Amino acid sequence: MNENKWGILYCPKGGILNNPQRRWERIEKALDEQGIVFDKIQSESMGSVDRLVNMMIANGYKTIVVVGGDSALNDAVNCLMLCEKEVRDSIVLGVIPNGMMNDFAHFWGFDEGEIEQTIAWLKARRVRKIDLGCIRYKNKKNENCHRYFLNCVNVGLIAAIMNLRRQTRHIFGSRTLSFIFSFILLIFQRMEYAMRIKINTDEIKRKVMTVCVGNASGYGQTPNAVPYNGLLDVSVVYHPEMTQLFEGIYLFLKGKFLNHRSVHPYRTKEIKFEEVEHALVGVDGRLMSGAPVGDFRIVVEQEVIHFLIPS
């Protein structure tokens, strides 16, 4: 294996307005113009990402670039975290945003429309070791499980909305339209859940609308979080009045989510959910396939992945 050769995993984006073949042709042209040697594999479905990333790792690729969104990146880092540390430390992960949601790429300044600039940045090979969050829980079989995340874990209403956003963007192909439609569907969702949460020395025992635990910007809910300080940002949102709810949506869209009176921010290395009343749990914008049973906790693991960032 030529260690300079990139392994590229192309995850085509759905939606009626998207043309995956034309998108790839533009990416391929930019790669060739930059003189990058690469092998490309295309994922057939969401479930194939794990298998293909593991295949790239086994075949010795030292630079793995995911052309996809937050879900594909999440699968990739979870594959890397299954490797021995020596193997994982020899691999650098990069992203060309191409998914339904690309918030982790946006955190670093990558943009879907700036393919040529993104590839030039990746070629410059500026590497940063980044943190991952990790949710540790038991499944229905009482087995100890865990899942790593780059962006955030949502518990409660926003997990349901993020799931709606993902599904509607598959239909609309538009970030803005899917987000607006998801908020319209909000009126049909359950609005609050009884929770008991421990954060640092604080214990929260009350009805809560949603909790976001962010390793990065958390889809706007933890805007001050960064994946390199060894800490998680947490936003706990109590159930506001209807007028405050619309104010909250406005502040969310304006990037001033923490200014809302119902939002209570924290910063911690660990958060424990000792009781969660039938709330949905989403990891990096996707609902967990095997939801936690009983209590669970979320921690941060510092500087565990090598990631390509803009120069």
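Given the structure is predicted, the values throughout are model-derived calculations rather than measurements.
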Who are the salt bridge (Lys or Arg N to Asp or Glu O under 4.0 Å) partners of Glu28, not counting sequence neighbours?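 In terms of salt bridge (Lys or Arg N to Asp or Glu O under 4.0 Å), with neighbours along the sequence ignored, Glu28 is linked to no residue.
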Residues forming a salt bridge (Lys or Arg N to Asp or Glu O under 4.0 Å) with Glu203, sequence neighbours excluded: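 Salt bridge (Lys or Arg N to Asp or Glu O under 4.0 Å) check on Glu203 returns Arg196.
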Residue pair [X] / [Y]: nearest heavy atoms and the distance that separates them:
X	Y	result
Val49	Ala72	CG1-O, 3.9 Å
Gly218	Cys212	O-SG, 3.9 Å
Pro310	Arg126	O-NH1, 3.0 Å
Val95	Leu73	CG2-CD1, 3.8 Å
Ile135	Tyr137	O-CD2, 3.8 Å
Tyr193	His278	CE2-O, 3.9 Å

Between Glu44 and Arg51, does any NZ, NE, NH1 or NH2 come within less than 4.0 Å of an OD or OE carboxylate oxygen?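 Yes, charged N to carboxylate O under 4.0 Å.
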Test: Asp295 and Lys272 ion pair at under 4.0 Å: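 No.
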Dump the intermediate steps for side-chain contact (heavy atoms from CB on, under 4.5 Å) on Glu33 and Lys29, then the final yes or no. CA-CA 6 Å; Glu33 288 175 349; Lys29 180 181 177 183; 3.1 Å; yes
Less than 6.0 angstrom separating the ring centers of Phe307 and Phe104, yes or no?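 Distance test on ring centres: under 6.0 Å, yes.
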Report yes if the distance between the aromatic ring centroids of His264 and Tyr266 is under 6.0 Å, otherwise no.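 Between Tyr266 and His264, which both carry aromatic rings, the centre distance is not below 6.0 Å.
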Using atom types as modelled and distance alone, determine if a side-chain donor or acceptor of [X] lies under 3.5 Å from a backbone N or O of [Y].
X	Y	answer
Thr222	Ala216	yes
Asn215	Val300	no
Arg88	Val304	yes
Asp233	Pro265	no
Asn78	Tyr148	yes
Ser235	Gln221	yes
Asn142	Lys138	no
Asp75	Asp50	no
Tyr219	Asp284	yes

Interatomic distance, [X] atom [atom1] to [Y] atom [atom2] [nearest 0.5 angstrom]:
X	Y	atom1	atom2	result
Ile36	Ile8	CD1	CD1	7.0 Å
Trp6	Lys40	CH2	NZ	15.5 Å
Phe110	Ile309	CZ	CD1	8.0 Å
Met288	Phe296	CE	CZ	8.0 Å
Ile96	Leu122	CD1	CG	5.5 Å
Glu301	Cys134	CD	SG	5.5 Å

Looking at side-chain heavy atoms only, is the closest gap between [X] and [Y] below 4.5 Å?
X	Y	result
Val293	Lys141	no
Val234	Ile298	no
Asn151	Ser217	yes
Leu132	Leu150	yes
Leu287	Val281	no
Leu231	Lys269	yes

Would you check, one step at a time, whether the test salt bridge (charged side-chain N to carboxylate O under 4.0 Å, His left out) holds for Arg23 with Glu112? CA-CA 10 Å; Arg23 176 79 171 175; Glu112 293 95 325; over 6 Å; no
What orientation do Trp24 and Tyr10 show, parallel under 30°, tilted 30 to 60°, or perpendicular over 60°?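 Tilted, since the angle between the ring planes falls between 30° and 60°.
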Partner residues of Phe149 under the ring pair (Phe, Tyr, Trp, His ring centres under 6.0 Å) criterion, sequence neighbours left out: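 None.
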Do Val37 and Asn4 pass the side-chain contact (heavy atoms from CB on, under 4.5 Å) test, and can you show the C-alpha distance, the side-chain angles, and the key distance before you say yes or no? CA-CA 7 Å; Val37 181; Asn4 294 320; over 6 Å; no
Criterion side-chain contact (heavy atoms from CB on, under 4.5 Å) on Glu303 and Asp131, from CA distance to verdict: CA-CA 5 Å; Glu303 296 186 344; Asp131 304 341; 4.0 Å; yes
Please report the C-alpha distance between Asn74 and Asp70 in whole Å, then the side-chain angles of each, then the deciding distance to 0.1 Å, and finally whether the side chain to side chain donor-acceptor pair (under 3.5 Å) criterion is met. CA-CA 6 Å; Asn74 180 279; Asp70 290 339; over 6 Å; no
Yes or no on side-chain contact (heavy atoms from CB on, under 4.5 Å) for Asn98 and Cys11, after CA distance, side-chain angles and deciding distance? CA-CA 7 Å; Asn98 193 55; Cys11 305; 5.5 Å; no
Could you go through Lys198 and Glu270, starting from their C-alpha distance and side-chain angles, then the distance that decides it, and tell me whether this counts as salt bridge (charged side-chain N to carboxylate O under 4.0 Å, His left out)? CA-CA 9 Å; Lys198 285 189 176 180; Glu270 180 179 31; over 6 Å; no
